[in-house]
Amino acid sequence: MQYDVIIVGAGPAGSTTARHLAEAGVSTLLLDKSDFPRDKVCGDCLSPRAQHYLARLGVLEAVAAEAHAARRIRFRAPGGAEASAAITADGHLPDRTLVLPRRRFDHLLQRHALAAGADFRVGHVRALLPTGGVLLGDTALPARLVIIATGAALSLIKHTPLAPGDTVHTVAARAYLRGMQPHGPDLRILLDRLPLPGYAWLFPTGPHSANVGCWYAGPEPISAPALLRELLTEHPTLAALTAAAGGSNRIAGYPIRCDFLTAPKVASGVLAVGEAAGLVNPFTGEGIDYALESAELAAAAARSALSQGAADGPVPAEVLADYPRALNRRFRKLFRVMTAVQRYGTSPWVLDRMFGRGRQGQPLLDRLVQVCFGAAAPTRLLAPAALGRLLLSRPRRPGAD
């Protein structure tokens, strides 16, 4: 076999896995359906925890040099109350988020994977080979292990043992706007005038430009691009900021997978990483952090598996069993808590109390931001005293001190 590992999908999960494997001397081929640079629809926000893993890769400085840094996040509750929180990390992570369009971010990661020794080819993977490897167009490419890093796309994975059992997609849409009114450096999350659970965002990419989008995670059949188009013209905050902006007609929709708790992770000769393993936060919709982290775990599992057994044929599923166990140790508690928060904590009644209590509610809001950005343990949200005060409190009126 020419390659030990073939990785399908060269986004953050795929390119980072390729980087780790190539640096370890594993012969690795990275495949993508498009050449680089190429666009990827996303919110483009890099959490403090994502930056930690970018630093481990040695690429954080290059990313930060091109990105917009935000140190606060502002919220508008369903009832109109507003609140904000500093992005803090207790000293062990950066006190900021970074916003860098995926067209540039993904290209940086892909180039670093190639610099480490991975090969790259452009093409459409039609199927996995039963003997190990992939069918790229009409060409069979054998490999002992295939790593699927295709995000929410199901065209390949649905024909493998890793196919999800149920409908797994939530929906989102994004537009890049330029020539905007000055909007300040902060991230903005809007929870009013749109269906819940979900939110709209404005993530600055510069003083007069931003990534603006929306996400909906409920059961109704909603068109995210249509919802975003409506918000850009009718939501008071967004309409005021984007009235003179250019680019709002180029709205792109995309699906998101959040089914980590039930998604299959490994089978004979195949392993899923990042969003292909359902690793997107079900409360925030953030996935780049988990893509980078799971890539590190996937590369370690692949190296261990390749060192065992025969040198040809697909790696047996039982040899890969440590990988899903490692994912569960890292992420299962977080995803259980975030799933519960998404299910029970996204009603207007709760959100108005979360973001409408002023100074009295600031400690709980700060804790929520830390958990969502990976800077605090998820169980910090479950403190009984804080939850009791939240449930018994009354939200402030919008504009009240």
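In this chain, residues are counted from 1 in sequence order. Side-chain atoms are counted along with the backbone in the values below, which use heavy atoms only and exclude waters and symmetry mates.
For the residue pair H235 and D192, a side-chain donor N or O sits within less than 3.5 Å of a side-chain acceptor on the partner. Side-chain polar atoms of Y53 and D289 form no donor-acceptor pair below 3.5 angstrom. Counted by atom type alone, S209 and R178 present zero donor-acceptor pairs between their side chains at under 3.5 Å.
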Exercise. Under the salt bridge (Lys or Arg N to Asp or Glu O under 4.0 Å) criterion, do R104 and D44 qualify, and how do the steps go?
Worked result: CA-CA 10 Å; R104 182 58 184 151; D44 299 336; over 6 Å; no
Exercise. Would E275 and R257 satisfy salt bridge (Lys or Arg N to Asp or Glu O under 4.0 Å), going step by step from the backbone distance to the final call?
Worked result: CA-CA 6 Å; E275 191 177 0; R257 281 188 64 178; over 6 Å; no
For this session: Check the pair Q370 / D366 against side-chain hydrogen bond (donor to acceptor under 3.5 Å, both in side chains), numbers first and verdict last.
Result: CA-CA 6 Å; Q370 285 190 328; D366 292 340; over 6 Å; no
For this session: Determine, stepwise, if the pair L57 / T16 fulfils side-chain contact (heavy atoms from CB on, under 4.5 Å).
Result: CA-CA 8 Å; L57 284 171; T16 302; 3.7 Å; yes
For this session: May I have the step-by-step check of salt bridge (Lys or Arg N to Asp or Glu O under 4.0 Å) for R38 and D32, ending in yes or no?
Result: CA-CA 10 Å; R38 56 98 172 102; D32 201 275; 3.8 Å; yes
For this session: Start with the C-alpha gap between R193 and E234, add the side-chain angles, then the distance that decides, and say whether side-chain contact (heavy atoms from CB on, under 4.5 Å) holds.
Result: CA-CA 9 Å; R193 304 197 182 208; E234 297 185 12; over 6 Å; no
Exercise. Can you list the steps and then say if L292 with L109 is a side-chain contact (heavy atoms from CB on, under 4.5 Å)?
Worked result: CA-CA 10 Å; L292 300 174; L109 294 183; 4.3 Å; yes
For this session: Could you please spell out the steps behind the side-chain contact (heavy atoms from CB on, under 4.5 Å) verdict for I7 and L29?
Result: CA-CA 6 Å; I7 302 172; L29 174 63; over 6 Å; no
For this session: Take D4 and S27 through the side-chain hydrogen bond (donor to acceptor under 3.5 Å, both in side chains) test and state the conclusion after the steps.
Result: CA-CA 5 Å; D4 289 320; S27 58; 3.2 Å; yes
For this session: Would you sort out whether F335 and F283 count as a ring-ring contact (aromatic ring centres under 6.0 Å, His included), showing the intermediate values?
Result: CA-CA 9 Å; F335 272 70; F283 179 62; over 10 Å; no
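Looking at R76 and L191, their side chains never come closer than 4.5 Å, going by heavy atoms from C-beta outward. With a 4.5 Å cut-off on side-chain heavy atoms, L261 and R336 count as touching. Here the side chains of V59 and L108 are not in contact, with every heavy-atom distance at 4.5 Å or above. Counting heavy atoms from C-beta outward, F373 and T284 have side chains that stay 4.5 Å or more apart. Residues V171 and Y254 have side chains not in contact (no heavy-atom distance under 4.5 Å, counting atoms from C-beta outward). The closest side-chain heavy-atom distance from L241 to R188 is below 4.5 Å. In this structure, the side chains of L351 and L196 come closer than 4.5 Å at one or more pairs of heavy atoms. Annotation: side chain of C45 is not in contact with side chain of E286 (no heavy-atom distance under 4.5 Å).
At distances below 3.5 Å, at least one donor-acceptor pair connects side-chain atoms of Q51 with backbone N or O atoms of R96. Between the side chain of Y323 and the main chain of A272, a donor-acceptor pair closer than 3.5 Å is present. Not one N or O on the side chain of K40 forms a donor-acceptor pair closer than 3.5 Å with the backbone of P101. K265 places a side-chain N or O within 3.5 Å of a backbone atom of A263 that can act as its donor or acceptor partner. Although no hydrogens or angles enter the test, the distance criterion places a donor-acceptor pair under 3.5 Å between the side chain of H208 and the main chain of M180. Remark: the backbone N or O of S304 is paired with a side-chain donor or acceptor of Q308 at under 3.5 angstrom. With E293 contributing its side chain and I288 its backbone, the two residues share no donor-acceptor pair below 3.5 Å. Without hydrogens or angle criteria, S15 side chain to A10 main chain gives a donor-acceptor distance under 3.5 Å. A donor-acceptor contact shorter than 3.5 Å links the side chain of T28 to the backbone of V26. Between the side chain of H183 and the backbone N or O of F203, no donor-acceptor pair lies under 3.5 Å.
Taking the ring centroids of F36 and F120, they lie under the 6.0 Å cut-off.
Pairing each heavy atom of A276 with each of I157, the nearest pair is O-CD1, 3.7 Å. Nearest heavy-atom pair, N281 versus W215, reported as atom, atom and distance to 0.1 Å: O-CH2, 3.9 Å. When all heavy atoms of L228 and A175 are compared, the pair lying nearest together is CD2-N, 3.9 Å. In this structure, S84 and R72 approach most closely via the heavy-atom pair OG-NH2, 2.7 Å. Heavy atoms only, all atoms of each residue included: A81 and G356 are closest at CB-CA, 3.8 Å. Scanning all heavy atoms of the two residues, the minimum distance from A245 to L177 falls at CB-CB, 4.0 Å.
Atom OG1 of T17 and atom CG of L30 lie 9.0 Å apart (nearest 0.5 Å). The distance from atom NE2 of H68 to atom OG1 of T205, rounded to the nearest 0.5 Å, is 8.0 Å. Note that the CG atom of L279 and the CZ atom of F260 stand 5.0 Å from one another [nearest 0.5 Å]. With rounding to the nearest 0.5 angstrom, the CD1 atom of I87 is 11.5 Å from the SG atom of C372. With values rounded to the nearest 0.5 angstrom, F105 atom CZ is found 11.5 Å from E66 atom CD. In this structure, CG on L129 lies 6.0 Å from CG on L135, to the nearest 0.5 angstrom.
Look at D186 and R71 and you find no salt bridge, because none of the NZ, NE, NH1 or NH2 atoms lies under 4.0 Å from a carboxylate O.
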